[in-house]
Amino acid sequence: MRISLLCGITFLVLAAVISCSPSRRTDIPSRGGFQIIPKPQHLVQREGRFTITKQTAMEIEGDYHSVMPSAGFLAETIQNASGIAVTFSNVQGRRAKRVIHLALDDSLVELGIEGYTLTVQPDRIDLKASQPAGLFYAVQTLIQLMPPAVYQPASASNKIKIRIPCVEIKDRPRFGWRGLMLDVSRHFFPPEFIYRFIDFLAMHKLNTFHWHLVDDQGWRIEIKKYPKLTEVGAWRVDREANHWNAREPQKPGEKATCGGFYTQDEIRDIVSYATNRYITIIPEIEMPGHTTAALAAYPEYSCSGGPFSVLPGGVWPITDIFCAGKEETFIFLEDILTEVMDLFPSRFIHIGGDEATKTEWEKCPLCRERIQKEGLKDVEELQSYFIRRIERFLNSHERRLIGWDEILEGGLAPQATVMSWRGTQGGIDAARLGHDVVMSPTSHCYFDYYQGDPDVEPLAIGGYLPLSRVYEFDPVPGELSAEESSFILGGQANLWTEYVSTPEHAEYMLFPRTAALAEAVWTLPDLKDWTDFAGRLEGQLARYKAAGINYAEKCLSPFD
Ligand code: ACM
Ligand code: ZN
């Protein structure tokens, strides 16, 4: 379902050349219900329907470049599904018989930058928001009011008749950070899947794609100044036939053939595609641990000097680590981050920080010297020194540092945002210190965990996270005061891919748990109801089916 946005002129050309398709079928939302996920704040059903025909026109009101990403997305969806190329006009133009009207409207500022209103009447549809992102979410809701078959791939020959039930909707999200993480280090996923992944986020009104680009098992981002990061670091020996935790390291002379990486040109295109869908990509560059792939390429930035080889599977504990005593390490990392910031316009840069075992630092004369010279107590404070230094660098480029909750150990860097994964305590502590927090606890957000009976499910890392538990996720822990809660930016789920090697398997782990996540981070707690969600899920699963998404079918009764 990769959808490219077309400009208005292209549409006019397409309108002239595309005729209606031969086969048509009527398809209305099942049980006449409004199976919208995530559930909107306010919805009133009205009488009647709007039918899209060849006479339907789209009217744009407001800055063309602000409205067009949403208008183009909607027009392309309609065209792919029905074969109808809607014509465009501005509000001053000739009034069409049936219009879909998209407008930026300053009077809706109280709905925030992502809120919107959507009104469907028999002869017109109005989508309004004060900001472009809100219009995009109005479009996503409108598409969910259409038959699920509109989600079919653009190539599908089965053209459908689009009827939309009349309704009034006013909506806005609960949180500004609605995230999903994909680990492309443990297994590499090609750019085509990354585009599809971004489509998935858009469909669920998620706005943050946390891209875990590097780890011990592969470095996946081209860095021009350090070509060996991908020449060496992106490749490992093929041990895919063995269990993740029973993989022999690379032998001398053995060729590394398993992996891949994204070129900077590919990344720029992906970032642009995401931006057109109001999705921010947060790149993650791990430090000081989870760095074996980088050290395989440049062992001089370790304490021991190596050699290292890219790990083909799991190793625990993770003792490979950047040397915190060498100035050269910081120059290397700042050079990398400079290229990363050039590619990713995100306010936040994720620096990892998790699971670093510091035994190398304890042994290393240069690290010990650093501890002494900086008046640090121990290796935990040395990690804090490391992260603070990187934060100063990011801040000097108007970026903000975010890291996993281990960055609290040894003292939190002054402006740092904490991503709380080992439960919620790290997030609670950080919020009480006045730091921003993204909640992503394993208990509710780890999509690499089993979602059903481990005896019948595909091999997973462990754990148990059924759909119903994801649905219970509340990013704001009850023990925080209202003021402390204001530091919770939102929530995020993570797909680590040690045991996930194909796009189909990734989709199986993501869906429909991503639907439950979407509602947990968008919908107000008072409006959430599991039974109601399970009913609306019927429509969502039909959409997945139309889009060819390989979702987990037994999600509602995982032990049948
Ligand atoms: C993590 O799961 N190591 C952040
Ligand atoms: Zn060292």
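Read the numbers this way: they start at 1 and go in the same order the structure lists the ligands and their atoms.
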Exercise for review: Check for a donor-acceptor pair, side chain of S272 on one end and backbone N or O of R268 on the other, with a separation under 3.5 Å.
Suggested key: no
Check your understanding: Does NZ in K228 sit with more than 12 non-hydrogen atoms of other residues, nucleotides or ligands closer than 6.0 Å?
Key -> yes
Check your understanding: Can you find an N/O atom of W404 closer than 3.5 Å to an N/O atom of ligand 1?
Key -> no
Check your understanding: Can you give me the SG-the Zn ion (ligand 2)-SG angle for C364 and C303, to 10°?
Key -> 110°
Practice item. Mark yes or no for whether T357, through its side chain, and T319, through its backbone, hold a donor-acceptor pair below 3.5 Å. Key: no
Exercise for review: Within a distance under 4.0 Å of any heavy atom of W496, pick out the atoms of ligand 1 and give their elements.
Suggested key: 1 (C), 2 (O), 4 (C)
Review point. Any N/O of D354 closer than 3.5 Å to an N/O of ligand 1?
Key: yes
Revision key, fill the gap. Note: R174 and P475 closest approach over all heavy atoms is NH1-CD, 4.1 Å
Study note, to complete from the structure: In ligand 1, the atoms that come under 4.0 Å of a heavy atom of E355 are 3 (N)
Review point. Do K225 side-chain atoms and E339 backbone N/O form a donor-acceptor pair below 3.5 Å?
Key: no
Practice item. Return yes or no for this condition: an N or O of Y446 is under 3.5 Å from an N or O of ligand 1. Key: yes
